[in-house]
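Encoded as structure tokens, the structure appears first; notes follow it.
No hydrogens, no waters, no symmetry mates; every other heavy atom, side chains included, goes into these values.
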Amino acid sequence: MTDTTTQTATGTVADIFIIGGGVNGCGIARDAAGRGLSVVLAEKGDLAGATSSSSTKLFHGGLRYLEYFEVRLVRESLREREVLLRAMPHIAWPMRFVLPYDPEMRFDAHTPAAQLLGRVMPWLKGRRPAWMIRAGLAVYDALGGRKILPPTKSLDLTRDIAGRPLKPGFARAFEYSDVWVEDSRLVILNARDAEARGASIRTRTEVIGARRDADHWTVTTRRPDGTQQEVRARILINAGGPWVSEVLASRLGINSAEHVRLVRGSHIVTRKLFDHDRCYFFQGADGRIIFAIPYEGEFTLIGTTDHEHTGDPSQAVCTPEEQDYLCAFASDYFKQPVTRDDIVWTYSGVRPLYDDGQKSATAATRDYVLSLDTAGAPLLNVFGGKITTYRRLAEGAMARLAPHLPADSGPWTAGVPLPGGDFPVDRFEGLVIELQAEYPFLPEEWARRLARAYGTEAHKLLDGARAAADLGRDFGATLTEAELRWLHAAEFARTAEDVVWRRSKLGLRLSAEQIAAIDDWMRAQPDPAPPS
């Protein structure tokens with residue numbers, strides 16, 4: 001921890017203790033540590049082990065949120081896209097989205113926008129004329145304050161390559177911009193930067209209880225080997241994601257009237273369905289939307305669903321019914337039907353949405369709520385949120401806590417690069433060329449993967465190698481022993497699952513035997529000494 005810890009009669013007291021190693025917890029840890037505050041973060045499993053690795057992987061404003069008149073959330077999200085893009089041009093990049101237009105397309109009749117239109121223009125009966133959709137996209141562009149991303153335009157699908165995979169009935173489309181992000185790596189890099197700035201990041205460390213005094217918390221943690229430790233902190237932040245209410249009730253013993261609504265979002269990954277680099281935004285007959293996105297070079301990502309979730313969030317799976325729903329939805333648009341035989345992988349995450357009393361999971365707000373409890377040492381509970389606004393959420397958390405903390409240097413994260421992201425947005429291709437020039441044994445595909453994952457830090461991982469053999473054992477799909485050493489030492493990875501499904505998506509290309517070999521290698525590495 002940093003030098004800002006203080007000594008009391010009961011020992012060292014950190015400024016902030018954070019429960020939860022998802023995007024919000026790690027984002028807050030980074031922001032706080034960069035202000036010179038002492039921070040301890042505990043995550044019971046792996047970083048990004050739940051919701052933060054199961055998103056649709058987009059920095060976006062949420063076009064459909066305009067139907068709910070959530071203008072503040074959309075504006076904040078849109079303006080964050082380019083702020084974040086500049087800070088992480090290796091793991092985030094611009095994407096264009098194609099929205100095919102069908103005059104008979106129906107929209108959710110229960111949204112505030114639909115209800116207003118039903119009164120003003122009842123003859124539409126749930127439809128949206130082309131001019132109205134174009135106007136909505138113009139608002140989307142205007143709210144975003146774009147400087148890097150190109151604006152919306154119209155497409156003739158009878159001439160544009162984007163029309164080729166679609167059924168012939170779709171002749172017109174609109175194309176707009178949002179940003180792709182590698183969600184798991186976003187979390188890992190925030191944690192790494194927080195640690196570099198003095199935070200103590202403790203994975204596989206479960207908070208089993210906390211005692212509140214007038215001026216500090218005493219938090220009890222437990223490691224997998226049963227070792228327990230007490231940590232004192234002025235402020236406790238509950239960023240437990242889907243477990244935020246459970247943490248309140250069973251770990252802190254606090255009854256709260258505020259809760260999260262658990263909504264399961266499931267995705268399927270299929271064989272590659274089209275041969276261009278743009279995404280599709282599809283509107284369904286039930287008023288919902290899905291995306292179809294080029295994924296990992298050889299695949300297509302389709303999602304997401306919105307279903308109320310009960311039970312353990314860590315056990316969320318994409319059910320057969322959800323798989324059928326997503327296949328049927330996509331098949332309404334693609335010439336070639338999408339079936340379950342096309343699916344190569346599925347994943348599902350539970351979104352902890354703030355329970356605002358809405359009837360449907362789709363209508364529940366995606367905004368975040370920061371609830372501060374000062375009945376004793378301060379407790380900040382983080383409800384809801386989305387990856388696009390994680391940095392603004394962290395700034396908001398620090399603003400709420402400012403009266404209870406030592407004076408700090410203030411907000412600083414806007415545009416500050418994450419590890420490996422210290423190059424201009426338009427220089428990614430130059431980084432790939434640079435890696436190939438310095439390491440001639442790297443084929444373009446390999447160099448591109450390393451540049452996307454590690455940015456400029458790929459040089460540290462390769463560490464002067466002159467041949468592939470210098471990188472040690474080859475585990476398959478360009479994953480080498482040198483990369484595993486990096487992931488273990490620098491990125492908190494401890495199992496094969498951490499490596500092939502969170503730090504990367506190489507699990508799509510590796511066999512079960514290869515993944516087992518990675519697991520054996522990881523388990524053979526000595527764990528670092530636990531923090532004192």
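- Counted by atom type alone, Arg502 and Ser53 present zero donor-acceptor pairs between their side chains at under 3.5 Å.
- Aromatic pair Phe281/Phe291: ring centres closer than 6.0 Å.
- Side chain to side chain, Arg96 and Ser177 meet the donor-acceptor criterion of an N or O pair below 3.5 Å.
- If you take CD1 on Ile387 and OG on Ser184, they are separated by 9.5 Å, rounding to the nearest 0.5 Å.
- Judged by the 6.0 Å and 45° rule, Lys44 forms a cation-pi pair with Trp243.
- Arg172 places none of its side-chain heavy atoms less than 4.5 Å from the side chain of Asp156.
- Arg452 forms a cation-pi arrangement with Trp93, by the criterion of a distance under 6.0 Å to the ring centre and an angle within 45° of the ring axis.
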* Passes side-chain hydrogen bond (donor to acceptor under 3.5 Å, both in side chains), Arg35 versus Ser409? Steps please. -> CA-CA 5 Å; Arg35 297 173 189 240; Ser409 54; over 6 Å; no
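- Test Lys460, His459, Arg185, Arg503 against Tyr454 for side chain to side chain contact (heavy atoms under 4.5 Å, CB included) and you get one pass: Arg185.
- For Glu206, the side-chain hydrogen bond (donor to acceptor under 3.5 Å, both in side chains) partners two or more places apart in sequence, or in a different chain, are Arg251.
- Residues Arg223 and Thr205 have side chains that bring a donor and an acceptor to within less than 3.5 angstrom of each other.
- Contact annotation: the side chain of Ile293 approaches that of Trp180 to within less than 4.5 Å [non-hydrogen atoms, C-beta and beyond].
- Classification of the His267-Tyr347 ring pair by plane angle, with boundaries at 30° and 60°, yields parallel.
- A distance below 6.0 Å separates the ring centres of Tyr280 and Phe274.
- Side chains of Thr480 and Asp474: no donor on one and acceptor on the other come within 3.5 Å.
- Every residue meeting the side-chain hydrogen bond (donor to acceptor under 3.5 Å, both in side chains) condition with Gln514, not counting sequence neighbours, appears here in chain and number order: Ser511.
- Taking all atoms of both residues into account, the shortest heavy-atom contact from Val499 to Ala493 is CG2-CB, 4.1 Å.
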* Going through the checks in order, is the side-chain hydrogen bond (donor to acceptor under 3.5 Å, both in side chains) test met by Glu80 and Tyr390? -> CA-CA 9 Å; Glu80 273 295 278; Tyr390 89 91; over 6 Å; no
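- Taking CE of Met95 as the reference point, atom CZ of Phe59 lies at 13.5 Å (rounded to 0.5 Å).
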* Could you check Lys505 against Glu296 for salt bridge (Lys or Arg N to Asp or Glu O under 4.0 Å), going step by step and ending with a plain yes or no? => CA-CA 8 Å; Lys505 291 297 181 286; Glu296 294 292 316; over 6 Å; no
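- Counting heavy atoms from C-beta on, the side chains of Leu442 and Thr478 never come closer than 4.5 Å.
- Partner of Arg523 under the salt bridge (charged side-chain N to carboxylate O under 4.0 Å, His left out) criterion, chosen from Asp519, Asp520, Asp527: Asp519.
- Inter-residue side-chain proximity for Val344 and Phe299 is flagged as met; some heavy-atom pair is nearer than 4.5 Å.
- Contact of the Val382 side chain with the Asn238 side chain is not registered, since no non-hydrogen atoms from C-beta on lie closer than 4.5 Å.
- The side-chain heavy atoms of Cys327 and Val338, taken from C-beta on, include a pair separated by under 4.5 Å.
- Using cut-offs of 30° and 60° on the angle between ring planes, the pair Tyr176 and Phe97 is parallel.
- Between Asp178 and the options Arg278, Lys57, Arg81, a salt bridge (charged side-chain N to carboxylate O under 4.0 Å, His left out) holds for only Arg81.
- A heavy-atom distance below 4.5 Å is not found between the side chains of Val181 and Leu58.
- Less than 6.0 angstrom separates the ring centroid of Phe334 from the ring centroid of Phe282.
- Side-chain contact of Thr203 with Glu43: a donor-acceptor pair under 3.5 Å is absent, judged by distance alone.
- With salt bridges taken as basic N to acidic carboxylate O contacts below 4.0 Å, one links Glu298 and Arg509.
- With hydrogens and angles left out, the side-chain atoms of Arg134 and Thr152 include no donor and acceptor closer than 3.5 Å.
- A pairwise comparison of heavy atoms in Ala194 and Ala33 identifies O-CB, 3.8 Å as the closest pair.
- In this pair, Phe475 and Trp521 present their aromatic rings perpendicular. The plane angle is above 60°, beyond the 30 to 60° band.
- In this structure, Asp306 and Arg264 have side chains that are not in contact, with every pair of non-hydrogen atoms separated by 4.5 Å or more.
- Judged by distance alone, the side chains of Ser52 and Asp183 never bring a donor and an acceptor atom under 3.5 Å apart.
- A salt bridge does not link Asp46 with Arg494: every distance from a Lys NZ or Arg NE/NH1/NH2 to an Asp or Glu carboxylate oxygen is 4.0 Å or more.
- Side-chain contact of Ser77 with Arg79: a donor-acceptor pair under 3.5 Å is absent, judged by distance alone.
- Among all heavy-atom pairs drawn from Arg391 and Ala414, the shortest one is NH1-N, 3.4 Å.
- A salt bridge between Arg449 and Glu445 is absent, with no side-chain N of the basic residue lying under 4.0 Å from a carboxylate O of the acidic one.
- Judged purely by atom type and a 3.5 angstrom limit, Glu481 has no side-chain atom pairing as donor or acceptor with the backbone of Leu471.
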In residues 423-430, what donor-acceptor pairs under 3.5 Å come from side-chain atoms, sequence neighbours left out?
unit_1	atom_1	unit_2	atom_2	d
Glu429	OE1	Arg448	NH1	3.4
Glu429	OE1	Arg448	NH2	2.9
Glu429	OE2	Arg448	NH1	2.9

